[in-house]
Amino acid sequence: MKGDGRCLKLFLALSILFLQNVKGGEVSHNLRDAKVTVRCIERERQALLAFKRGLVDEFNQLSSWGSEAQKQDCCRWEGVYCSNQTGHVIQLDLGYSFPGKIIQLDILGYSFQGKMISPKLIELQHLQYLHLTSIDFNESQIPDFIGSLTNLRNLSLSSCNLVGQIPSSFGNLTQLQHLDLSYNQLQPKNLNWLPALSSLTYLDLALVDFNGSQIPDFIGSLTNLRNLSLSSYFIGSLTNLRYLSLSSRNLVGQIPSSFGNLTQLQHLDLSYNQLQPKNLNWLPALSSLTYLDLALVDFNGSQIPDFIGSLTNLRYLSLSSCNLVGQIPSSFGNLTQLQNLDLRNNQLQPENLNWLPTLSSLTDLDLSGNFNGSQIPDFIGSLTNLRYLILSSCNLVGPIPSLFGNLTQLQHLDLNNNQLQLKNLNWLPALSSLTFLDLSENNLSLPPPPTPILSTTLYKTNSSTSLAYVYLSDNHLTSSIFLWLSNYSTSLVHLYLSNNNLSGFIPDFIGNMSSLVNLDLSNNYLTGFIADFTGNMSSLENLDLSNNYLTGFISDFTGNMTSLANLDLSNNNLTGFIPDFIGDMRSLVDLDLSNNYLTDFIADFTGNMSSLVHLDLSYNNLTGFIPDFIGNMSSLVDLDLSDNQIEGANPNSFARLCNLQELWLQRNHLSGQLSKFVQLLPRCAQNSLEYLLLSENVLAGSLNNLTSFSSLKLLYLNANQLSGKIPESIGQMSQLEGIDFSMNSLKGVVSETHFSKLSKLKSLDLSSNSLVLNFHSDWVPPFQLSYINLASCKVGPLFPKWLQTQNDSSQLDISNAGISDILPSWFWSNFRNADLINLSQNLIRGKFTNLTVEFTYNLELHLSSNQIEGPIPSTLSQASYLDLSNNKISGPLSFLCESAYMNLSFLNLSSNNFYGDLPDCWSHLTDLVMLDLSNNAFSGKIPMTIGSLWRIETLKLRSNIFVGELPSSLKNCTRLQVLDLGDNELSGSIPKWIGVSLKNLVILMLSFNHFNGSMPSQLCHLTRIQILDFSVNNISGSIPKCLNNLTNMAQKGNSSLTSTHIYTRDNYRYNYFLGDINYEDEASFIWKGRMQTYKSTLGLVKRIDLSTNSLTGEIPSEITHLVELVSLNLSRNRLTGQITPEIGNLQSLDSLDLSRNQIDGRIPTSLAQIDRLSFLDLSYNNLSGKIPIGTQLQSFDPLDYAENPQLCGPPLKMCADQNEQTDLSNEEDKDEFITLGFYISMGIGFAAGFWGVCGTLIFNRPWRYAYFKLLNDLNDWLYVRIALIKRQLKLAHA
């Protein structure tokens, strides 16, 4: 044992001697544990304690540091190392790991927290090694005194959350060999001190922000530098440098030509900067280069320099996203050692790629985002060493070469987002190493399968054991793809087939893919039941079958899906209850059953779904109350039950949903007091609930205090029955981003207090209430709103000045807000970024002279019903929607001709002061869907270019002074639904092409013009017409007998209240979607003798008005087939003959005017059967006979029958035969047969007969059942007989 002790002492002595010689006398902690006595210098110990006091040691990792007796020697402290000769501290290492001890980090990845680096460290003048990595100094600056520690060899302040400049005193650290200032927020404005560090071998300034400065060219003196890991910045020409990385450093300008001196450089990375290499002639000098990355270096549309092909030692070359054009130089064929070539996202052309096969060592090739519109060259199949091939987003066309089968080493093949075609998949089995295949977003299709796809008939080949990722989404593949997929049933992990043409049942072999983790079959045409294919998918985590045509009940399909986390069955045709078995899927995180036909009460399906985070049952037919067991889903974050028929919640429906963040219950039947419903919300979620959407229900009462829900971001209570005032406490809900209280019955004053702390508010909708907004004139809101809707609130009379503070609003609606003021000059510039502005239905005055701004987006502008004057400025030619109707605007429409391309889709200039000819530049407005120029003073002819409006659906030129014939070019406007040219001076005959080309017409109004000639029979082709008005013209001839072909008037059906148009706005020039627009037509016409305007019920109005013309002949009987006709006006013509007896078929008729014709004969008795008739005028004809008795005809004014001399009966004078019958009845009254006894006998007989029959049926149940059964049988027999007779008559007529 003694010998062993001597050996140990000798070993320790030799070790100390070795360390003294090698490390300047530093003593490690291991030696200290062997009782080597070293005591630190007192002032240095105090300096270290001061440094510790400036740190927050959350994990007590500096427990060895202290003033206690047993802790006096600082050389024994963790991270502190002293010289064995002098006792001075020479090393302080508090980095992310002490030697031999891993320290703990906080949630942000820091080991300690500190306000600043303690200035007491200046006492450690002998310090050679200082590592403070991963200490959070809370955005303090590097203290200048660090530059006084002139003995430092190694300095690391990496990841210390330091800001500001690097002190120039660092130039004093001339012995420094290792400097690491990476991953801070430093901004060095001057690095002239850096060359003084001549001993530097390692420099790391990664993530140091050089703020777009150029690369300096001054540091050729750092000749000892071996590792420059700036990851962002290079500072000179270092002739011994082998590795240089300047990636992602926001560098700008040119690359210094002095880089050509780095002849030993092997690795050069200048990627992800803003460099512009105007001259790279120095690059060939780097003959040792094996790695070159110039990704995102901007070559400004130039070609790839040919001399890159001289770098024959290159193994890695990246020129991705470099704005390169033209061909790839053939000199690239010299890069025979190249293994990785990345040229993605340029504009390179595929010409002359014959050199590519010479790159026999190539393993990775990425040419994505190039080669616009070419085919895949066959010789790519000769690169047999390829492992990664990416040709995505190249707009490639044609077939995939079968020579791809030669790429037997290929592991990753990405051809997505092209226009490739797929003749067959015969080449795929040869790729035995393939693990990743992406053919999504192409035009791939396969012939249909020869037989139904069943597990017993699937074509079998040698199944691959490597293919795991298959992406085939967004193609035209049919279910025949399943034949090929069956070969990989054991290896597939991810399978994506969404957005294809898959149809029929899902084959059952899919259910046996036990390795499958992700399966996406969404957006196809799959049918059948879900349970038929699921089988044994034990690894499945994500299943998406949404947007298909799956039917039936949701039966138990889960099987062994114990890992299923996300299940999406939305947008199918599933019916019945929500099944209980879903509650057993304990791993489920996201469940979406929305947009189906699930019905009845929400069943108890939750079970043990404690992991469920998102539940979407919206857009179903669920009824009843939200049950208590919903509260068992304690992890639920998002609950969407919107668009159902749910009536309310139970007391514990939400009680345990403590993690709830989003609750969507809009568009249900929730009723009762809002305050009571709020009491049902989980109290434990008051700090987590962010979205509360209760819109479009029937909740009543007042808005209660919701400030306890301190995290609310969205509060939507619109379209309920709320009343009372908005509480001022809402201004304390500082997290609110969206408020919607619109369409209620709220009243009272809204003031600044309501918004006092809403600094995050982005969306505000208080419209359609009786609120008064009363803000001080100099109020500056705390928010910046992007959406403002205060329509139908009291905002005026002055224009709200606080809107001047809102600089980034996208939508503003202050229509019908009681504003009677001049539009302020700042308004247009302030809302230049808006895409919707609605100021309509106010009394806003002013001119457009201040409107000179260029709008950022295609503006939708509503300014109708104001008092705006002056001409329309040219800047509004950028708009996509303009409603300037009912103003005082005048001047020419020259703004329509400002641009050869306009995105205008809606233009309403009606009821203004425009005059003169229309401009002839309508060919610029091909996006126009609605044009209304009515009620102005436009004159001249309608220009022929109006026919260029091929998308037009509504064209209204009523009440102007247009002359001439209808332009024949209008026949090109085949989408027209409304054509109103009434009240002009148009002439000529009614064109036949109206009925041939404009078959979509619903409203055709040519009244009050000078049209002549006869009505063309082609008008009967307008099967969708519901308003036909040719009144007050000079039309002659007879009424066409084919009017029964107007099927919209002849067929009974549910008409919509309004005539609504919905169209999509797209900006084709800038290729972005502007959204859907809908508008409702309105029409003005004479109804029951007065001019009326219809809009909200226009869809119900079906009328024919041919009055005040010169029509002759009889009223065609075919007109009585138009059973949905509401108004018929044929007055003031020269019609003859009799009123057709079938007139009573028009049971929907409300108004009938046949006055001032030459109609004779009797009034048909069927006319008295039209119960809805409220207006009738048969005056000034030759009608005769008695007016039929009925509930309606006698109630009309006698003037409605005037000037028919031979017409009699109520309400006119009595007819002669009626008087004779009255005299006879008086004589009969004297007959004594009817005496008092007669009446008594009749009463007794009635009572006996009534109770004899009805009493028996009432008190004798078997007789009663038999009697009603007899009646039902008789009714069924009559119905069948009548139906058979009608069918026989129809067949005989046919």
**Complete:** CD (E965) and OG (S989) are apart, to the nearest 0.5 Å, by 6.5 Å
**Fill in**
On a heavy-atom basis, the closest approach of C1042 and S1017 is SG-O, 3.7 Å
**Request:** State, without any angle test, whether D927 and S905 hold a side-chain donor-acceptor pair at a distance under 3.5 Å.
**Result:** no
**Message:** Looking at N887, is its backbone amide N or carbonyl O close enough to the side chain of N912 to form a donor-acceptor pair, meaning the two atoms are under 3.5 Å apart?
**Reply:** yes
**Item:** Heavy-atom closest contact (S877 atom, F895 atom, distance)
**Value:** CB-O, 3.5 Å
**Message:** When you measure from the side chain of D1153 to the backbone of S1155, do you find a donor-acceptor pair of N or O atoms at a distance under 3.5 Å?
**Reply:** yes
**Item:** Within-4.5 Å side-chain heavy-atom neighbours: I889 and L909
**Value:** no
**Request:** Could you pull out the closest heavy-atom pair between I952 and V929, with the gap in Å?
**Result:** CD1-O, 3.4 Å
**Request:** To the nearest 0.5 Å, tell me how far I1115 CD1 sits from T1140 OG1.
**Result:** 8.5 Å
**Request:** Any chance you could lay out the side-chain contact (heavy atoms from CB on, under 4.5 Å) test for F1030 and M1015, step after step, and finish with the verdict?
**Result:** CA-CA 9 Å; F1030 293 165; M1015 291 178 60; 4.0 Å; yes
**Message:** Could you walk me through whether F938 and I961 satisfy the side-chain contact (heavy atoms from CB on, under 4.5 Å) test, starting with their C-alpha distance in whole Å, then the side-chain angles of each, then the deciding distance to 0.1 Å, before giving a yes or no?
**Reply:** CA-CA 6 Å; F938 290 113; I961 321 173; over 6 Å; no
**Request:** Evaluate the side-chain proximity of I814 to I819: yes if any heavy-atom separation is below 4.5 Å, no if none is.
**Result:** yes
**Request:** Evaluate the side-chain proximity of I1025 to T1023: yes if any heavy-atom separation is below 4.5 Å, no if none is.
**Result:** no
**Message:** When you measure from the side chain of N1009 to the backbone of L981, do you find a donor-acceptor pair of N or O atoms at a distance under 3.5 Å?
**Reply:** yes
**Message:** So, taking the atom named CG in L1135 and the one named CG in L1154, what distance separates them when rounded to the nearest 0.5 Å?
**Reply:** 8.0 Å
**H1021 to G995 - nearest heavy-atom pair and separation** = CB-O, 3.2 Å
**Item:** Separation of L955 CG from L976 CG (nearest 0.5 Å)
**Value:** 6.0 Å
**Message:** Keeping D1105 on the side-chain end and D1029 on the backbone end, is there a donor-acceptor pair under 3.5 Å?
**Reply:** no
**Request:** Working to the nearest 0.5 Å, report the span between CZ of R1172 and CG of D1150.
**Result:** 9.0 Å
**Fill in**
Of all heavy-atom pairs linking R845 and Q867, the shortest is CG-OE1, 3.7 Å
**Prompt:** Between N1000 and R1024, do the side chains contain an N or O donor and an N or O acceptor separated by less than 3.5 Å?
**Reply:** yes
**Exercise: do N816 and S792 side chains pair donor with acceptor under 3.5 Å** = yes
**Message:** Does any part of the side chain of I1187, heavy atoms only, come nearer than 4.5 Å to the side chain of L1212, both counted from C-beta?
**Reply:** yes
**Side-chain donor or acceptor of Q1169 paired with backbone N/O of Q1147 under 3.5 Å** = no
**Prompt:** Do you know the tightest heavy-atom contact between L896 and P919?
**Reply:** CD1-CG, 4.4 Å
**Request:** Indicate yes or no for a side-chain donor-acceptor contact from D980 to the backbone of G982 under 3.5 Å, with no hydrogens or angles considered.
**Result:** yes
**Asked** Would you find a donor on one side and an acceptor on the other, under 3.5 Å apart, between the side chain of N842 and the backbone of N866?
**Response** no
**Working for side-chain contact (heavy atoms from CB on, under 4.5 Å), residues L933 and L918** = CA-CA 10 Å; L933 303 178; L918 288 182; 3.6 Å; yes
**Request:** Taking the side chain as every heavy atom from C-beta outward, state whether L882 and L904 have any atom pair closer than 4.5 Å.
**Result:** yes
**Inter-residue atom distance L1125.CG - L1149.CG, 0.5 Å rounding** = 6.0 Å
**Item:** Expected output: side-chain N984 to main-chain L986 donor-acceptor under 3.5 Å
**Value:** no
**Asked** Is there a side-chain contact between L966 and I994, using heavy atoms and a 4.5 Å cut-off?
**Response** yes
**Asked** Mind checking whether E1203 and S1179 have side chains closer than 4.5 Å, heavy atoms only?
**Response** no
**Asked** Is H862 close to E860 at the side-chain level, that is, under 4.5 Å between some pair of heavy atoms?
**Response** yes
**Prompt:** Does R958 come within less than 4.0 Å of D983, counting only side-chain N to carboxylate O?
**Reply:** no
**Asked** Near R1132 CZ, under 6.0 Å, is it more than 12 heavy atoms from other residues, nucleotides or ligands?
**Response** no
**Prompt:** What orientation do F1196 and Y1201 show, parallel under 30°, tilted 30 to 60°, or perpendicular over 60°?
**Reply:** perpendicular
**Message:** I'd like to know whether T945 forms a side-chain hydrogen bond (donor to acceptor under 3.5 Å, both in side chains) with D920, so could you lay out the CA-CA distance, the side-chain angles of the two residues, the decisive distance to 0.1 Å, and finally the verdict.
**Reply:** CA-CA 6 Å; T945 54; D920 197 14; 2.5 Å; yes
**Q1206, CD: over 12 other non-hydrogen atoms inside 6.0 angstrom** = no
**Prompt:** What is the ring orientation for F848 with W828, classed by angle as parallel under 30°, tilted 30 to 60°, or perpendicular over 60°?
**Reply:** tilted
**Request:** Would you check if the side chain of N838 reaches a backbone N or O of D813 as a donor-acceptor pair within less than 3.5 Å?
**Result:** no
**Prompt:** Under the side-chain contact (heavy atoms from CB on, under 4.5 Å) criterion, do I868 and I844 qualify, and how do the steps go?
**Reply:** CA-CA 7 Å; I868 305 295; I844 297 174; 4.1 Å; yes
**Item:** Donor-acceptor contact present, side-chain S1107 to main-chain S1031, <3.5 Å
**Value:** no
